[in-house]
Asks: 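Structure below; questions to follow.
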Amino acid sequence: MAVEESVKADKIIDARGSFCPGPLMELIKAYKQAKVGEVLSVYSTDSGTKKDAAAWISKSGNELVGVFDRNGYYEIIMRKVK
Amino acid sequence: MAEKASIVLESGTVDKLMAGSIIVSGAVANGMDVNVFVTFWALMEMRKNAPENTKLGPEGKGMEKQLFSLMKEKKVPSWKETLKQAAEVGNVHVYGCAMFADLMGIRKEDLDPMVEDVIGVSQFVDMAKDSKMTLFI
(Lines give C-alpha, C1' and ligand atoms only; values in the text may rest on other atoms or scores of the structure.)
Protein backbone atom coordinates (compact mmCIF):
# COMPACT_ATOMS: atom_id res chain seq x y z
CA MET A 1 0.00 0.00 0.00
CA ALA A 2 1.34 3.42 -0.89
CA VAL A 3 2.24 5.69 1.99
CA GLU A 4 -0.39 8.26 1.16
CA GLU A 5 -3.15 5.71 1.24
CA SER A 6 -2.22 4.62 4.74
CA VAL A 7 -2.55 8.15 6.09
CA LYS A 8 -6.06 9.29 6.80
CA ALA A 9 -6.65 13.01 7.08
CA ASP A 10 -8.45 14.27 10.19
CA LYS A 11 -9.37 17.38 8.28
CA ILE A 12 -9.59 18.16 4.60
CA ILE A 13 -9.29 21.77 3.47
CA ASP A 14 -10.75 22.02 0.00
CA ALA A 15 -9.18 25.22 -1.35
CA ARG A 16 -9.60 24.34 -5.01
CA GLY A 17 -10.28 27.46 -7.04
CA SER A 18 -8.70 29.66 -4.39
CA PHE A 19 -5.78 31.80 -5.52
CA CYS A 20 -2.37 32.39 -3.99
CA PRO A 21 -2.05 32.81 -1.03
CA GLY A 22 -5.53 31.45 -0.22
CA PRO A 23 -4.82 27.71 0.12
CA LEU A 24 -1.75 28.22 2.30
CA MET A 25 -3.56 30.71 4.52
CA GLU A 26 -6.47 28.31 4.94
CA LEU A 27 -4.05 25.53 5.83
CA ILE A 28 -2.37 27.70 8.46
CA LYS A 29 -5.77 28.62 9.92
CA ALA A 30 -6.74 24.95 10.17
CA TYR A 31 -3.31 24.11 11.59
CA LYS A 32 -3.81 26.60 14.42
CA GLN A 33 -7.06 24.91 15.40
CA ALA A 34 -5.74 21.36 15.05
CA LYS A 35 -4.33 19.21 17.83
CA VAL A 36 -0.81 17.80 17.80
CA GLY A 37 -0.76 14.53 15.88
CA GLU A 38 -3.66 15.42 13.61
CA VAL A 39 -3.31 15.04 9.87
CA LEU A 40 -4.41 17.88 7.61
CA SER A 41 -4.89 17.66 3.91
CA VAL A 42 -5.28 20.65 1.60
CA TYR A 43 -6.57 20.49 -1.96
CA SER A 44 -5.35 23.24 -4.25
CA THR A 45 -5.53 24.10 -7.91
CA ASP A 46 -2.99 26.90 -7.43
CA SER A 47 0.39 25.62 -8.59
CA GLY A 48 2.37 27.90 -6.26
CA THR A 49 0.75 26.31 -3.21
CA LYS A 50 2.44 22.99 -3.93
CA LYS A 51 5.85 24.48 -3.14
CA ASP A 52 4.73 27.19 -0.72
CA ALA A 53 2.75 24.85 1.51
CA ALA A 54 5.43 22.15 1.49
CA ALA A 55 8.06 24.73 2.45
CA TRP A 56 5.86 26.17 5.19
CA ILE A 57 5.12 22.73 6.65
CA SER A 58 8.81 21.85 6.89
CA LYS A 59 9.93 25.26 8.08
CA SER A 60 7.30 25.39 10.82
CA GLY A 61 8.65 22.13 12.19
CA ASN A 62 5.76 19.94 11.13
CA GLU A 63 5.78 16.74 9.13
CA LEU A 64 5.20 16.87 5.40
CA VAL A 65 3.48 13.57 4.64
CA GLY A 66 3.47 14.24 0.93
CA VAL A 67 2.53 16.29 -2.10
CA PHE A 68 0.35 14.44 -4.58
CA ASP A 69 -0.82 15.23 -8.06
CA ARG A 70 -4.49 14.27 -8.04
CA ASN A 71 -5.30 14.75 -11.68
CA GLY A 72 -6.40 18.37 -11.89
CA TYR A 73 -5.42 19.48 -8.41
CA TYR A 74 -2.71 18.97 -5.83
CA GLU A 75 -3.12 17.39 -2.43
CA ILE A 76 -0.65 18.37 0.24
CA ILE A 77 -0.78 16.33 3.43
CA MET A 78 0.83 17.27 6.73
CA ARG A 79 0.90 16.03 10.30
CA LYS A 80 0.91 18.56 13.08
CA VAL A 81 3.99 17.94 15.21
CA LYS A 82 3.95 21.12 17.27
CA MET B 1 10.40 37.49 19.52
CA ALA B 2 8.98 37.21 16.02
CA GLU B 3 10.79 38.86 13.15
CA LYS B 4 9.15 42.01 11.87
CA ALA B 5 8.16 43.19 8.42
CA SER B 6 7.17 46.79 7.76
CA ILE B 7 5.33 47.67 4.62
CA VAL B 8 4.22 51.05 3.30
CA LEU B 9 1.26 50.92 0.94
CA GLU B 10 1.26 54.13 -1.09
CA SER B 11 -0.10 53.25 -4.51
CA GLY B 12 -3.86 52.99 -4.90
CA THR B 13 -3.87 50.84 -8.01
CA VAL B 14 -5.22 47.33 -7.71
CA ASP B 15 -2.05 45.67 -9.01
CA LYS B 16 0.12 47.24 -6.30
CA LEU B 17 -2.46 46.78 -3.54
CA MET B 18 -2.88 43.12 -4.42
CA ALA B 19 0.87 42.56 -4.54
CA GLY B 20 1.20 44.27 -1.17
CA SER B 21 -1.53 42.29 0.54
CA ILE B 22 -0.23 39.00 -0.87
CA ILE B 23 3.26 39.81 0.41
CA VAL B 24 1.75 40.57 3.84
CA SER B 25 0.25 37.05 3.72
CA GLY B 26 3.62 35.59 2.78
CA ALA B 27 5.27 37.40 5.68
CA VAL B 28 2.62 36.07 8.06
CA ALA B 29 3.12 32.54 6.72
CA ASN B 30 6.80 32.97 7.58
CA GLY B 31 5.90 33.78 11.15
CA MET B 32 6.64 37.49 10.87
CA ASP B 33 4.74 40.27 12.64
CA VAL B 34 3.70 42.82 10.05
CA ASN B 35 3.13 46.56 10.38
CA VAL B 36 1.42 48.17 7.41
CA PHE B 37 1.45 51.95 6.99
CA VAL B 38 -1.16 53.14 4.53
CA THR B 39 -0.70 56.52 2.92
CA PHE B 40 -1.69 58.62 -0.08
CA TRP B 41 -3.62 56.77 -2.78
CA ALA B 42 -3.71 53.54 -0.84
CA LEU B 43 -5.34 55.41 2.05
CA MET B 44 -7.95 56.78 -0.35
CA GLU B 45 -8.79 53.15 -1.22
CA MET B 46 -8.95 52.27 2.47
CA ARG B 47 -11.92 54.61 2.96
CA LYS B 48 -15.19 52.82 3.69
CA ASN B 49 -16.92 54.77 0.94
CA ALA B 50 -14.20 54.38 -1.70
CA PRO B 51 -15.79 53.63 -5.08
CA GLU B 52 -15.06 50.25 -6.65
CA ASN B 53 -11.38 50.25 -7.54
CA THR B 54 -10.71 49.53 -11.21
CA LYS B 55 -7.40 51.34 -11.48
CA LEU B 56 -4.15 49.81 -12.69
CA GLY B 57 -0.64 51.24 -12.83
CA PRO B 58 0.73 52.64 -16.11
CA GLU B 59 1.81 49.24 -17.44
CA GLY B 60 -1.73 47.97 -17.11
CA LYS B 61 -3.29 50.77 -19.15
CA GLY B 62 -5.80 49.29 -21.56
CA MET B 63 -5.81 45.98 -19.67
CA GLU B 64 -8.36 47.00 -17.06
CA LYS B 65 -11.39 45.43 -18.65
CA GLN B 66 -9.70 42.11 -19.37
CA LEU B 67 -8.01 41.83 -15.99
CA PHE B 68 -11.00 42.78 -13.88
CA SER B 69 -13.37 40.47 -15.72
CA LEU B 70 -10.86 37.60 -15.34
CA MET B 71 -10.55 38.33 -11.65
CA LYS B 72 -14.31 38.29 -11.27
CA GLU B 73 -14.67 35.12 -13.30
CA LYS B 74 -11.96 33.29 -11.34
CA LYS B 75 -13.25 34.69 -8.03
CA VAL B 76 -9.94 36.22 -7.04
CA PRO B 77 -10.39 37.80 -3.61
CA SER B 78 -9.97 41.55 -3.38
CA TRP B 79 -6.80 42.97 -1.87
CA LYS B 80 -8.79 43.96 1.22
CA GLU B 81 -10.06 40.43 1.70
CA THR B 82 -6.52 39.09 1.31
CA LEU B 83 -5.24 41.56 3.89
CA LYS B 84 -8.05 40.64 6.29
CA GLN B 85 -7.29 36.95 5.88
CA ALA B 86 -3.62 37.60 6.64
CA ALA B 87 -4.68 39.46 9.80
CA GLU B 88 -6.80 36.45 10.86
CA VAL B 89 -3.85 34.09 10.44
CA GLY B 90 -1.08 36.19 11.93
CA ASN B 91 -0.06 39.34 13.67
CA VAL B 92 -0.85 42.18 11.27
CA HIS B 93 -1.28 45.81 12.28
CA VAL B 94 -2.62 48.33 9.80
CA TYR B 95 -2.12 52.05 10.38
CA GLY B 96 -3.32 55.07 8.46
CA CYS B 97 -1.00 57.97 7.76
CA ALA B 98 -1.97 60.98 9.88
CA MET B 99 -0.45 63.52 7.50
CA PHE B 100 -2.46 62.43 4.48
CA ALA B 101 -5.58 61.85 6.57
CA ASP B 102 -5.36 65.42 7.88
CA LEU B 103 -4.72 66.81 4.43
CA MET B 104 -7.76 65.12 2.95
CA GLY B 105 -9.99 65.45 6.01
CA ILE B 106 -10.18 61.66 6.43
CA ARG B 107 -11.04 60.57 9.96
CA LYS B 108 -10.26 57.19 11.51
CA GLU B 109 -13.96 56.30 11.42
CA ASP B 110 -14.01 56.93 7.64
CA LEU B 111 -11.52 54.10 7.19
CA ASP B 112 -11.99 50.36 6.99
CA PRO B 113 -12.16 48.89 10.52
CA MET B 114 -8.96 46.94 9.87
CA VAL B 115 -7.10 50.26 10.25
CA GLU B 116 -6.44 50.16 13.98
CA ASP B 117 -5.07 53.68 14.34
CA VAL B 118 -4.00 56.78 12.46
CA ILE B 119 -0.39 57.53 13.32
CA GLY B 120 2.46 59.81 12.34
CA VAL B 121 5.49 58.82 10.31
CA SER B 122 7.84 58.94 13.26
CA GLN B 123 5.80 56.39 15.15
CA PHE B 124 5.78 54.12 12.14
CA VAL B 125 9.52 54.47 11.55
CA ASP B 126 10.05 53.66 15.20
CA MET B 127 8.10 50.41 14.67
CA ALA B 128 9.89 49.75 11.39
CA LYS B 129 13.50 50.46 12.26
CA ASP B 130 14.34 47.00 13.57
CA SER B 131 12.46 45.13 10.84
CA LYS B 132 13.95 42.30 8.84
CA MET B 133 12.09 43.43 5.77
CA THR B 134 10.82 46.84 4.71
CA LEU B 135 8.91 47.51 1.52
CA PHE B 136 7.41 50.57 -0.11
CA ILE B 137 4.69 49.63 -2.56
Side-chain angles (χ1 to χ4, degrees), chain A residues 9-36 38-67 70 72-82, chain B residues 1-5 7 9 13-36 53-54 56 60 63 66-94 114 132-133 135 137:
Chain A
D10 295 295
K11 186 167 189 201
I12 291 168
I13 303 117
D14 189 349
R16 285 176 290 183
S18 177
F19 280 80
C20 166
L24 175 60
M25 301 312 268
E26 287 184 39
L27 174 65
I28 298 175
K29 260 194 248 180
Y31 158 79
K32 290 193 165 179
Q33 286 164 2
K35 296 187 194 75
V36 170
E38 281 188 334
V39 174
L40 303 173
S41 158
V42 58
Y43 298 168
S44 173
T45 43
D46 171 63
S47 62
T49 300
K50 187 170 60 154
K51 286 184 177 156
D52 264 14
W56 178 79
I57 292 162
S58 305
K59 205 181 161 225
S60 59
N62 291 287
E63 183 195 339
L64 177 63
V65 176
V67 179
R70 298 291 191 215
Y73 66 95
Y74 299 100
E75 179 175 12
I76 301 109
I77 305 176
M78 67 166 281
R79 183 178 281 109
K80 178 163 175 163
V81 174
K82 60 178 202 179
Chain B
M1 220 177 79
E3 291 176 339
K4 278 205 288 186
I7 299 178
L9 293 178
T13 61
V14 172
D15 44 5
K16 296 271 177 67
L17 290 168
M18 270 187 77
S21 60
I22 292 171
I23 293 169
V24 171
S25 309
V28 158
N30 278 279
M32 299 178 99
D33 289 348
V34 190
N35 292 315
V36 183
N53 189 343
T54 52
L56 288 180
M63 287 278 291
Q66 189 190 355
L67 187 81
F68 289 109
S69 72
L70 271 173
M71 281 172 58
K72 207 162 268 178
E73 183 189 312
K74 299 195 174 180
K75 300 196 178 69
V76 177
S78 73
W79 66 275
K80 272 187 195 170
E81 285 165 333
T82 301
L83 199 53
K84 275 180 194 146
Q85 189 184 41
E88 281 169 33
V89 169
N91 208 356
V92 178
H93 301 281
V94 182
M114 78 175 115
K132 275 269 176 173
M133 184 175 94
L135 298 174
I137 301 172

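Protein chains get the first letters and strands the later ones, always in sequence-line order, with residue 1 at the start of each. On a predicted model such as this, the values are computed, not experimentally measured, just so you know.
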Asks: Does any non-hydrogen side-chain atom of B:Asn30 lie less than 4.5 Å from one of A:Lys59?
Replies: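 They are in side-chain contact.
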Asks: Is B:Ser25 in contact with chain A via its backbone, its side chain, both, or neither, using a 4.5 Å heavy-atom distance?
Replies: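 B:Ser25 touches chain A through backbone and side-chain heavy atoms alike.
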Asks: To check you understand the geometry: which heavy-atom pair defines the closest contact between A:Met25 and B:Ala86, and what is its length?
Replies: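 Smallest interatomic distance, heavy atoms only, reads CE-CA, 3.7 Å.
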Asks: Report yes if the side chains of B:Gln85 and A:Lys29 come closer than 4.5 Å at any heavy-atom pair, otherwise no.
Replies: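 Yes; the side chains approach each other to less than 4.5 Å.
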Asks: NZ of B:Lys16: more than 12 outside heavy atoms within 6.0 angstrom?
Replies: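 Counting other residues, nucleotides and ligands, NZ of B:Lys16 stays at 12 neighbours or fewer.
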Asks: Return yes when atom NZ of B:Lys84 has more than 12 non-hydrogen atoms of other residues, nucleotides or ligands closer than 6.0 Å, and no otherwise.
Replies: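 Yes.
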Asks: Please report the closest heavy-atom contact between B:Ile22 and A:Cys20, naming both atoms and the distance.
Replies: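 Taking every non-hydrogen atom into account, CD1-O, 3.9 Å.
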